[in-house]
Amino acid sequence: MTAIEASAARSESSLLRVTDLRVYFPVRGVGDRSVVKAVDGVSFALDRGRTLALVGESGCGKSTLAYAILGMVRPTQGSVVLEGQPIAVERRAERLALAQRVALVYQDPASALNPKATIRESIAEPMRIQGWGRARTDARTRELLDRVGLPESFADRMPHALSGGQKQRVVIARALALSPALLVLDEPVSALDVSIRSQILNLLMDLQRELGLTYVFISHDLSVVRHIAHDVLVMYLGTVVEQGPSARIFDQPAHPYTRALMSAIPIPDPVRQRARTRIILTGDLPSPLSPPAGCPFVTRCPERMARCEQDRPALQALGGPVSSACWIGR
């Protein structure tokens, strides 16, 4: 069974369904037909109340995939269906409706907040755009501050008066303003001090339990992913090389690229850390303008075979909920 068939077989009640999504960007000055395949045939289904982590090196397509889900990037092919409705942003009414269903939490809370606006004004912005009245907006703002663990007195402060963790709580409060079912979290703790990261992660997990939220979580930090994610989708050069439940992906990675990523996760036990075998990938990520003819990972794979240089493996179910795109073992 291919990944597309497996995704189609999932329950129609899935909150988010992405089917054969492709996002290609034309490149000027390189050739009339040159394109960057930022996302190339991605399919998955995400059930309500779960967290899907998108992982992989910089340039693998995670952010482009997220922007397509948010309606910020137009797909070249395929579909994104949220709560049974295809994503549509052609008209203002469609954009306003989508903003009530999905929201984005940015990586850097400092750049996500207007430095000249009070915290009250920043949180109220989505509600003001939707045409909410003053009394309703103020009541909701107070409720959101309490929800993210900030006192009401913070409402009249400016962003520069808050710490990094407090700013990120404000960004999360603003994302929750319209009660969206889906939050896209783009590296939400990477800009924070290590001591603050666990607090924000715990807040996100508490909010998910209390409000039934669903998360698409982008991160380079696999230790964070293991802590928060129910499911993992591993991307490489715009494609999905492996996907499945978090525990299975971390404990029994099937694809050579996933195994290399997992081998880099630090182990708190120094004895075990010294005894482990680290898989070092040689070479750089291939140019997206000239990807390998066969498997996209072939130029760096320590287990490559002759077939890998010519044939691109499809994402196939391995038995159970895990799928991998690799010729090894077939």
Side-chain angles (χ1 to χ4, degrees), residues 51 63 66-67 69-72 82-83 89 92-219 228:
T51 297
S63 293
Y67 294 155
I69 294 170
L70 289 160
M72 298 167 63
L82 179 63
E83 295 184 304
V89 292
R92 173 176 166 79
E94 293 172 333
R95 294 192 293 272
L96 289 174
L98 180 61
Q100 298 181 63
R101 299 157 60 201
V102 59
L104 172 64
V105 173
Y106 295 88
Q107 176 179 3
D108 183 3
S111 63
L113 297 174
N114 183 346
K116 297 182 179 180
T118 65
I119 299 307
R120 184 193 310 276
E121 291 168 335
S122 290
I123 295 176
E125 183 181 16
M127 297 176 273
R128 178 183 56 78
I129 293 173
Q130 295 285 339
W132 288 30
R134 177 67 178 272
R136 183 185 179 192
T137 298
D138 285 348
R140 179 62 171 160
T141 298
R142 290 192 297 271
E143 176 188 346
L144 289 165
L145 283 170
D146 180 67
R147 177 72 73 177
V148 300
L150 294 176
E152 186 178 339
S153 60
F154 275 47
D156 295 316
R157 294 190 183 185
M158 305 300 290
H160 67 80
L162 275 60
S163 68
Q166 290 168 341
K167 290 175 186 175
Q168 193 62 301
R169 289 175 186 268
V170 172
V171 172
I172 292 169
R174 183 176 60 186
L176 295 175
L178 303 177
S179 301
L182 175 68
L183 288 188
V184 175
L185 303 143
D186 188 2
E187 299 272 7
V189 297
S190 65
L192 303 178
D193 292 340
V194 174
S195 60
I196 304 300
R197 292 181 186 179
S198 61
Q199 296 178 23
I200 298 302
L201 289 174
N202 289 335
L203 171 64
L204 289 170
M205 295 169 70
D206 289 342
L207 290 171
Q208 185 173 56
R209 286 191 295 267
E210 295 166 5
L211 303 177
L213 297 170
T214 306
Y215 296 151
V216 172
F217 191 95
I218 302 172
S219 182
I228 197 171

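Keep in mind that what you see is a predicted model, and the values were worked out from it rather than measured. Residues take their numbers from the sequence shown, with the count starting at 1.
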Could you go through residues 109-122 and list every donor-acceptor pair under 3.5 Å that involves a side-chain atom there, pairing it with any protein atom two or more places apart or in another chain?
from, atom 1, to, atom 2, distance (Å)
Ser111, OG, Asp108, O, 3.1
Asn114, OD1, Lys116, N, 2.9
Thr118, OG1, Glu121, N, 3.1
Thr118, OG1, Glu121, OE1, 3.4
Arg120, NE, Asp156, OD1, 3.3
Arg120, NH2, Asp156, OD1, 3.0
Arg120, NH2, Asp156, OD2, 3.2
Glu121, OE1, Thr118, N, 2.8
Ser122, OG, Thr118, O, 3.4

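- The shortest heavy-atom contact between Met127 and Leu144 is CE-CD1, 4.4 Å.
- The two residues Leu204 and Pro188 have their closest heavy-atom pair at CD1-CG, 4.4 Å.
- Scored by the side-chain contact (heavy atoms from CB on, under 4.5 Å) test, Gln166 finds Leu150, Phe154, Leu162, Ser163 as partners (sequence neighbours excluded).
- In this structure, Tyr215 contributes its side chain and Ile228 its backbone to no donor-acceptor pair below 3.5 Å.
- Using a 4.5 Å heavy-atom cutoff, the side chains of Leu176 and Leu213 are in contact.
- Nearest heavy atom pair, residue Ile129 against residue Arg92, reads O-NH2, 4.0 Å.
- The structure places CD1 of Ile69 at 11.0 Å from CG of Leu104, a figure rounded to the nearest 0.5 Å.
- Proximity of a side-chain donor or acceptor of Gln168 to a complementary backbone N or O of Tyr106 within less than 3.5 Å is detected.
- Gln199 is not listed as a side-chain neighbour of Asn202, based on a closest heavy-atom distance of 4.5 Å or more.
- Between Leu183 and Gln208, the closest side-chain pair of non-hydrogen atoms is not below 4.5 Å.
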Inset, instruction - Check step by step if side chain to side chain contact (heavy atoms under 4.5 Å, CB included) holds for Arg101 and Leu182. - result: CA-CA 6 Å; Arg101 299 157 60 201; Leu182 175 68; over 6 Å; no

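- Between Ala173 and Ile123, the shortest heavy-atom distance links the atoms CB-CD1, 4.0 Å.
- In this structure the side chain of Glu152 never reaches within 4.5 angstrom of the side chain of Asp146, judged on heavy atoms.
- Contact detail for Gln107 and Ser190: the closest heavy-atom pair is NE2-OG, 3.0 Å.
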Ignoring hydrogens and angles, write down the donor-acceptor pairs under 3.5 Å from the side chains of residues 130-137, residues two or more places apart or on other chains.
from, atom 1, to, atom 2, distance (Å)
Gln130, OE1, Gln100, NE2, 3.2
Gln130, NE2, Leu96, O, 2.9
Arg134, NE, Asp138, OD2, 3.1
Thr137, OG1, Gly133, O, 2.8

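- For the pair Arg140 (side chain) and Ala177 (backbone), a donor-acceptor distance under 3.5 Å is present.
- Between Val170 and Val148 there is no side-chain heavy-atom pair separated by less than 4.5 Å.
- Considering all non-hydrogen atoms of both residues, Pro180 and Val102 come closest at CB-N, 3.8 Å.
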